[in-house]
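Here the structure is laid out as structure tokens; the discussion comes afterwards.
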Protein chains: 2
Amino acid sequence: MPVAKGSTIDPERTRATILEAATPVLYERGLDGIGVAELCARIGVSKETLYRHFGTKDALVEAVLEVRSDRVVSWLASAVAAAGEEPADQLGAVFDVLQKWYDEPVFRGCAMLNAAAQHHVEAVRAITARHLGRYLELLTGIASRAGAADPHVLGRQLLMLVEGATVVAAHQDAVGAGEHARRAALTLLSAVRTSLEA
Amino acid sequence: MPVAKGSTIDPERTRATILEAATPVLYERGLDGIGVAELCARIGVSKETLYRHFGTKDALVEAVLEVRSDRVVSWLASAVAAAGEEPADQLGAVFDVLQKWYDEPVFRGCAMLNAAAQHHVEAVRAITARHLGRYLELLTGIASRAGAADPHVLGRQLLMLVEGATVVAAHQDAVGAGEHARRAALTLLSAVRTSLEA
DNA sequence: CAAAGATCGAACCGATCGGTACGATCTCAG
DNA sequence: CTGAGATCGTACCGATCGGTTCGATCTTTG
């Protein structure tokens, strides 16, 4: 719904609607690939409204990225939490979620990395870095519970597989990318365990 | 040298000079982060000259990316060739080269991926895909010589580590990224061998 | 009903963009 | 020496950009 005509009913609701509608459009078209005018038309909101809520296109972009980062991370975290106690199962759940994402028709790679590559603005780079940091935290936790000698290093290697799989799926071939990355990740995980048991 | 004033001495030389000078500028500033006017000023060439040689900014960009892809791949291939016969050594050489790249002050991630994220043009995406394909070929070759049961899958997993390491180095922390990726890659390689010997 | 304020649509602004045109200058081939 | 053509610097073009402003419309508050 294109936001009620005039309404004090919720100063906050309009902002949320804009954020929600702008997210997929900016992802598909690219941050600089669509102008504010066309963006507003797609969202169904006037430029004045958008600018009163966000002040700047950059500010809107940053807000969109923040929300997206939060959502992605919590989505993955809940998938991990639902996978039981076994670290291997938790790790598998991560790549299952990723493969589902790769198979979506609108999949165009990691929104954070795309944004950082597109918009040479410090704030955007900071959001991307923070996003990767959260990702790393999640994976380091799994590595730690798996009994890795150096969970930070293993977590980082797992992060590389996650981001690498996303890159390969986006730019080369999505078929089996999540599955192949999952097998590699499990190999790394079990290698750690093997060396511990030895 | 900013190209001789008037000269028929080499219609081809000017083109090469432009390509060479434009490459780092477009990488640092982003494909759309610099206008043709400023780009020409940096290169030391007039707009008319640039447009006679390339016709379009997009065409220049594509030419730059092609050259860069060729150079990167051949650079890696020669590093592999110089690393001897052992697949493990060849793989290690790849990540050593990558770490050197990550440590360069101008490092800003994979130019091909950045370009594909920035410029929503089919031709650029095609160049990026081809670039990843060449990369995959190189790594699949190593996987094959290592006796992998399915060298195509292992090569893909190695490609994920390569691209993932580049992403992590660019957006999170370059320190040790190549080293950590190398250890993960060698683990995958030896896991294949172990399962073969079993 | 009246005032406050959120929204719309459209006009408008200055800046920048990719690309073109032009006259002048220089180099080389004949 | 002369003409072809590569280059320069600059001015110029239409389009688009991010952002502002304004009058009209609607909803809520009091």
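Proteins get letters first, then strands, A, B, ... in listed order; numbering begins at 1 in each. What you are looking at is a predicted structure, and each value in this text was computed from that prediction instead of being measured.
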Test salt bridge (charged side-chain N to carboxylate O under 4.0 Å, His left out), reference A:Glu20, set A:Arg68, A:Arg71, A:Arg13, output is A:Arg71
Common cluster, [X]/[Y], ILVMFWY with side-chain heavy-atom separation under 4.5 Å:
| X | Y | value |
| --- | --- | --- |
| B:Val153 | B:Leu132 | no |
| A:Val175 | A:Val97 | no |
| B:Tyr102 | B:Val72 | yes |
| A:Leu138 | A:Val73 | no |

Within this structure, what is the [atom1]-to-[atom2] distance between [X] and [N], rounded to whole angstrom?
| X | N | atom1 | atom2 | result |
| --- | --- | --- | --- | --- |
| B:Ile43 | D:dC8 | CD1 | C1' | 15 Å |
| B:Glu38 | C:dG19 | CD | C1' | 17 Å |
| B:Arg13 | D:dG5 | CZ | P | 23 Å |
| A:Leu39 | D:dG19 | CG | C1' | 14 Å |
| B:Arg52 | C:dC22 | CZ | P | 15 Å |
| B:Lys57 | C:dC17 | NZ | C1' | 8 Å |
| A:Leu50 | D:dC17 | CG | C1' | 15 Å |

Parallel, tilted or perpendicular, judged at 30° and 60°: which one describes the rings of B:Trp101 and B:Phe107?
perpendicular
Going from CG on A:Leu98 to CG on A:Leu161, what distance comes out if it is rounded to the nearest 0.5 angstrom?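 If we round to the nearest 0.5 Å, A:Leu98:CG and A:Leu161:CG are 10.5 Å apart.
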With rounding to the nearest 0.5 angstrom, report the CZ to CG distance, A:Arg15 to A:Leu50.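 A:Arg15 atom CZ to A:Leu50 atom CG measures 10.0 Å (nearest 0.5 Å).
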Could you check which of C:dG18, C:dC8, D:dT7 has an atom nearest any side-chain atom of B:Tyr51?
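Among the listed nucleotides, the one closest to the side chain of B:Tyr51 is C:dG18.
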Sorted by number, residues from residues 114-126 of chain B placing a heavy atom under 4.0 Å from DNA chain D are none
Protein-proximity profile, nucleotides 10-16 of chain C, B/S/- by nucleotide at the 4.0 Å heavy-atom cutoff, equals -------
Report yes if some heavy atom in the side chain of B:Leu113 is under 4.5 Å from a heavy atom in the side chain of A:His171; otherwise report no.
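Counting from C-beta outward, B:Leu113 and A:His171 do come under 4.5 Å.
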Check your understanding: Does B:Ser46 place a side-chain N or O at less than 4.0 Å from the phosphate oxygens OP1/OP2 of D:dT7?
Key -> no
**D:dT7 OP1/OP2 closer than 4.0 Å to side-chain N/O of B:His53** = yes
